[in-house]
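Because only heavy atoms are used, hydrogens play no part in the values below, and waters and symmetry mates are left out as well, while side chains stay in.
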Protein chains: 2
Amino acid sequence: MRIAELSRVSGVPVPTIKYYLRENLLPPGELTSPNQASYGELHVRRLRLVRALVDLAGVPVAQVKEVLDGLDSDTLPLHDQIGRAHRAITARRQLASNPPEAATDAATAQVEALLESRGWKVAPDAPALTTLIETIAVMRSLDQDHLVGLLETYADAVEKLTTLELAAVTSRPDRATPDQIAESVIIGTILGETLISTLRLLSQESTSAHRWTEPPGTGQT
Amino acid sequence: MRIAELSRVSGVPVPTIKYYLRENLLPPGELTSPNQASYGELHVRRLRLVRALVDLAGVPVAQVKEVLDGLDSDTLPLHDQIGRAHRAITARRQLASNPPEAATDAATAQVEALLESRGWKVAPDAPALTTLIETIAVMRSLDQDHLVGLLETYADAVEKLTTLELAAVTSRPDRATPDQIAESVIIGTILGETLISTLRLLSQESTSAHRWTEPPGTGQT
DNA sequence: CATAAACGGATAGTGCGACTATCCAAAGCT
DNA sequence: AGCTTTGGATAGTCGCACTATCCGTTTATG
């Protein structure tokens, strides 16, 4: 398969494929002549993965490269690969302004308490940690303490999900190779977030429709 | 308070504040002279909200404006305000390429079945719907059916969260005005996503550390 | 009260990320 | 043989989110 067909099959424009090749998001095709290459099913897959990460999960191209380099390396431990995936989706979530210091302090304390009570052991420089603290701090400073009160509930929910994801990924019926497990973990981490997010929105829309539009005369505000 | 102090208090550069004023993300200050304005606590709050939506939740400035316009309007029903919030975080999640048609069809059917079995009633053009279908389709086409198998579990989890969020927001101890409820719902929808996402990452990091690094000689891959 | 600093508002410019366009010489098809 | 397509290199575009500069007023300060 040459580049034109790869483009047709994948739905990605030829210039974009060339761009991805330049950026090493896509391995070069097998050269059949000094200037003629052929691509295979592997490239189609990889292209699908790249578009999904970029379009659906909103991961910057540079971070996609990081993640893929991790996947392609057969020496990088899975835990570090996960770290790259986490950084890929956390990079953009950094506050430039400053919530009041008091709110930040309270949030930091609360997060530490949460980690303690859950027994979650995370590196102090975990990418998600500062984002979590900043988010809580902002909520507090916007008088949304009742949302902050749901923190334990949220933690409960995600903890269960994490356990189930781990189980789903490691105990696949088909005996999976380490490579395949790594790929599953990374896809599950990043695209799983999109999945959860969209499901949440659908659940909200449905609930919202019931609560704030449907009942004609059910004492709403 | 004039613009320099607003900048100092909020941590947002003066030119950026001017930009937000131009884009109507921030209401104009009260004019004390033809060319002299004064800003208040309300502006500080709004600025915090804007930065949180932009930096933490990654919402594009244009969508932030949509959401804020909804909040500021006292005629737009809450359900429609929520719709704007949903569009704000879904706008960027649209696939440009094409997964195989078979996968998309299967995904569509599965999502319809899910909505049916849950009794979720959503508009057929709900912003999150196509993203969900595309995400599932991509997972399938990447041989991650085991992740797709978690769909019901995910749905369970988010359904519970939605119920609790609704309760937390509508039954605040302090008697909240409709405006305050609307603000809470929108913040809860958008920043809540950031909260859930970061908690999930922390839970994963902790689990991953246990499973793939800690035990020295516990039969890992 | 004079004068330098800060202000609000308008207009233009910058930097970055993600592509997209153009060229070219060397295949490839017909 | 001749038109098309290819891989690869280089340069250009586009949108977004800011920044920078100017300018004619205030405002603050010595």
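B:Thr177 pairs by the side chain to side chain contact (heavy atoms under 4.5 Å, CB included) definition with B:Asp179, B:Gln180, not counting sequence neighbours. Every residue was checked against the salt bridge (Lys or Arg N to Asp or Glu O under 4.0 Å) condition with B:Asp80, not counting sequence neighbours, and none meets it. Listed by chain and residue number, nothing satisfies the side-chain hydrogen bond (donor to acceptor under 3.5 Å, both in side chains) test with A:Thr153 (two or more places apart in sequence, or in another chain). When the side chain to side chain contact (heavy atoms under 4.5 Å, CB included) test is applied to B:Asp55, the partners found at least two apart in sequence or on another chain are A:Leu95, A:Ala96, B:Arg51. When the side chain to side chain contact (heavy atoms under 4.5 Å, CB included) test is applied to B:Glu165, the partners found at least two apart in sequence or on another chain are A:Leu150, A:Tyr154, A:Arg200, A:Gln204. When the side chain to side chain contact (heavy atoms under 4.5 Å, CB included) test is applied to B:Ser7, the partners found at least two apart in sequence or on another chain are B:Val14, B:Ile17.
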With a cut-off of 3.5 Å and sequence neighbours excluded, list every side-chain donor-acceptor pair involving residues 103-112 of chain A.
residue  : atom : partner  : partner atom : Å
A:Thr104 : OG1  : A:Pro100 : O            : 3.4
A:Thr108 : OG1  : A:Thr104 : O            : 2.8
A:Gln110 : OE1  : A:Arg140 : NH2          : 2.8

Side-chain donor-acceptor distances from residues 58-66 of chain B under 3.5 Å, at least two apart:
residue : atom : partner : partner atom : Å
B:Lys65 : NZ   : B:Asp69 : OD2          : 2.9

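Listed pair A:Asn35 / C:dA27 meets the phosphate criterion, a side-chain N or O lying under 4.0 Å from OP1 or OP2. A sub-4.0 Å separation between OP1 or OP2 of D:dT27 and a side-chain N or O of B:Ser33 is present.
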Report, one pair per line, the protein and nucleotides 10-16 of chain D atoms (nitrogen or oxygen only) whose separation is under 3.5 Å.
none

For nucleotides 28-30 of chain D, list the nitrogen or oxygen atoms of the protein found under 3.5 Å from its nitrogen or oxygen atoms, one pair per line.
none

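Side-chain contact annotation: A:Glu159 with A:Trp120, donor-acceptor N/O pair under 3.5 Å present. With no hydrogens or angles considered, a side-chain donor-acceptor pair links B:Ser184 and A:His146 at under 3.5 Å. Counting only N and O atoms by type, the side chains of A:His79 and B:Ser208 include a donor and acceptor under 3.5 Å apart.
One interatomic measurement links the two molecules: CG of A:Leu21 to P of D:dG8, which rounds to 8 Å at whole-angstrom precision. To the nearest angstrom, C1' of D:dA17 lies 11 Å from CG of B:Leu25. When rounded to the nearest whole Å, the span between CG of B:Leu26 and P of D:dA17 equals 16 Å. Taking atom CG of residue B:Leu31 and atom C1' of nucleotide C:dG9, one finds them 11 Å apart after rounding to whole Å. Spacing between atom CD of A:Gln94 and atom C1' of D:dA17 amounts to 18 Å, rounded to whole angstrom units. Residue A:Tyr20 contributes atom OH, which lies 9 Å from atom P of C:dA18 at whole-angstrom precision. Put simply, CE on B:Met1 is 12 Å from P on C:dG8, counting in whole angstrom units. A straight line from CD of B:Glu23 to C1' of D:dA17 spans 9 Å, rounded to a whole angstrom.
Remark: B:Pro15, B:Thr16 in residues 7-17 of chain B come within less than 4.0 Å of DNA chain D through at least one heavy atom. Residues from residues 41-55 of chain B lying near DNA chain D, meaning a heavy-atom separation below 4.0 Å, are B:Arg51, B:Val54 in numerical order.
The residue B:Pro34 sits close only to the backbone: its heavy atoms come under 4.0 Å of sugar-phosphate atoms, none of a base.
Contact of the B:Leu115 side chain with the B:Leu129 side chain is registered, since non-hydrogen atoms from C-beta on lie closer than 4.5 Å. Taking 4.5 Å as the limit, every side-chain heavy atom of B:Trp212 sits out of range of all side-chain heavy atoms of B:Thr207.
Nearest nucleotide to the A:Gln36 side chain, out of D:dT27, C:dC19, D:dT6: D:dT6.
A donor-acceptor pair is defined here as one N or O able to donate and one able to accept, closer than 3.5 Å; no such pair exists between the side chain of A:Ser206 and the backbone of A:Ser203.
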